[in-house]
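Working notes, beginning with the structure itself.
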Amino acid sequence: MRLYLIALQFLTVIPLPLRLRWEENDLGRSMAFFPLAGLTIGGLLAGADLLLAPHLPRPVADLLLVALLAGVTGALHHDGLADVCDGLAARGSKERFLAVMKDSRIGAVGVVGLVLGLLLKYEAILALAPEVKGRALLFFPAVARFSQVQMTVGSRRARADGLGAACIAGAGIPQLVAAYATTLAAAYLLLGTRGIACSLVLYLVTWGIRRWSHRRLDGVTGDVIGCASELNEILALLLIVGLYRP
């Protein structure tokens, strides 16, 4: 329970009624519970949808869901998406890429990437079939949080400090196995075999992002992990829209 609460505290801004004492490598060990924390986030979205849907037009309600997701997570991973886009635009050496991502300022390409990501997420939620919408809202944050575990376990650190390094320090194969078991179980219970297929596609995509990061940056950073999570959220929603298209 303590590690689950650490995962929830790290991934969201939800206030907890108790103060947790973190020990060394606790963040990495808590990654076993990242998909469960994602299901918690998804539960908040599904609950909000039930409350909003009877009173607001669907486009307005779905835009509020996107805003709620950004608010609950503190826009933590949006920053990673923007920073990686800026790094790609800067080109140059590994050191140049890392320096651009570390800069607190956001560039034009980062803004474009962030806006496009939010628009894709909104349009995908809006396009979800009513009979699958609630289940999709539960699923996509969970599978995206698993991508963070997949990006982390066994990876090299592209820089010695930062959140990526903190996660890598304590995460190992047991965390990866536990997180993937939770993800696959949720995928099957919520979406059946189509959920499993979606999870496998996302696993391969995340593996590709991780491989690219190791070749380009000689490891991963917190920004790259956050970017992969955002891309997983978007792609998961798009896959569900396509798989349940009439």
Side-chain angles (χ1 to χ4, degrees), residues 10-14 38 41-42 44-45 48 58-128 136-137 140-141 143-145 147-148 150-152 158-159 161-167 202 205-206 208-241:
F10 175 70
L11 293 171
T12 73
V13 296
I14 299 172
I41 296 169
L44 291 174
L45 295 178
R58 179 160 179 180
V60 177
D62 287 352
L63 183 57
L64 288 174
L65 293 180
V66 175
L68 175 62
L69 177 60
V72 165
T73 59
L76 176 65
H77 311 307
H78 298 82
D79 180 66
L81 175 61
D83 285 346
V84 170
C85 289
D86 280 335
L88 288 169
R91 303 180 183 179
S93 65
K94 163 195 168 182
E95 290 72 22
R96 170 67 174 160
F97 201 126
L98 291 173
V100 169
M101 288 198 297
K102 195 170 186 178
D103 193 331
S104 59
R105 295 168 296 180
I106 183 171
V109 177
V111 172
V112 171
L114 184 58
V115 170
L116 287 176
L118 289 170
L119 284 174
L120 280 169
K121 200 178 296 186
Y122 166 67
E123 289 292 339
I125 292 175
L126 185 60
L128 288 170
L137 291 175
F140 85 90
V143 74
R145 271 69 196 169
S147 74
Q148 297 176 32
Q150 184 185 346
M151 287 290 296
T152 300
R159 56 166 63 103
D161 57 353
L163 291 175
C167 290
L202 292 170
V205 170
T206 304
I209 297 171
R210 173 177 156 153
R211 181 178 174 85
W212 166 83
S213 183
H214 276 80
R215 293 181 64 180
R216 183 68 177 84
L217 303 176
D218 197 30
V220 300
T221 69
D223 281 329
V224 176
I225 294 169
C227 178
S229 180
E230 281 297 299
L231 294 176
N232 267 259
E233 283 192 352
I234 295 165
L235 185 55
L237 287 167
L238 293 174
L239 286 170
I240 295 169
V241 169

Does any non-hydrogen side-chain atom of [Y] lie less than 4.5 Å from one of [X]?
| X | Y | answer |
| --- | --- | --- |
| L114 | V111 | no |
| L118 | H78 | yes |
| S147 | V143 | no |
| V220 | T152 | no |
| V66 | D62 | no |
| V13 | T73 | no |

Any chance the side chains of E233 and H77 put a donor and an acceptor closer than 3.5 Å?
no
Give a yes or no on this: more than 12 heavy atoms of other residues, nucleotides or ligands lie within 6.0 Å of atom CZ of R96.
no
Taking side-chain hydrogen bond (donor to acceptor under 3.5 Å, both in side chains) as the definition, give me every residue that meets it alongside Q150, ordered by chain and number, with sequence neighbours left out.
none
Just one of I209, V84, L202, L120 clears the side-chain contact (heavy atoms from CB on, under 4.5 Å) bar with L231, so which one?
I209
Which heavy atom of G113 sits nearest a heavy atom of L81, and at what distance?
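Heavy atoms of G113 and L81 come nearest at O-CD2, 3.8 Å.
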Using modelled atom types and a 3.5 Å cut-off, is there a donor and acceptor pairing between side-chain atoms of Y122 and backbone atoms of P59?
yes
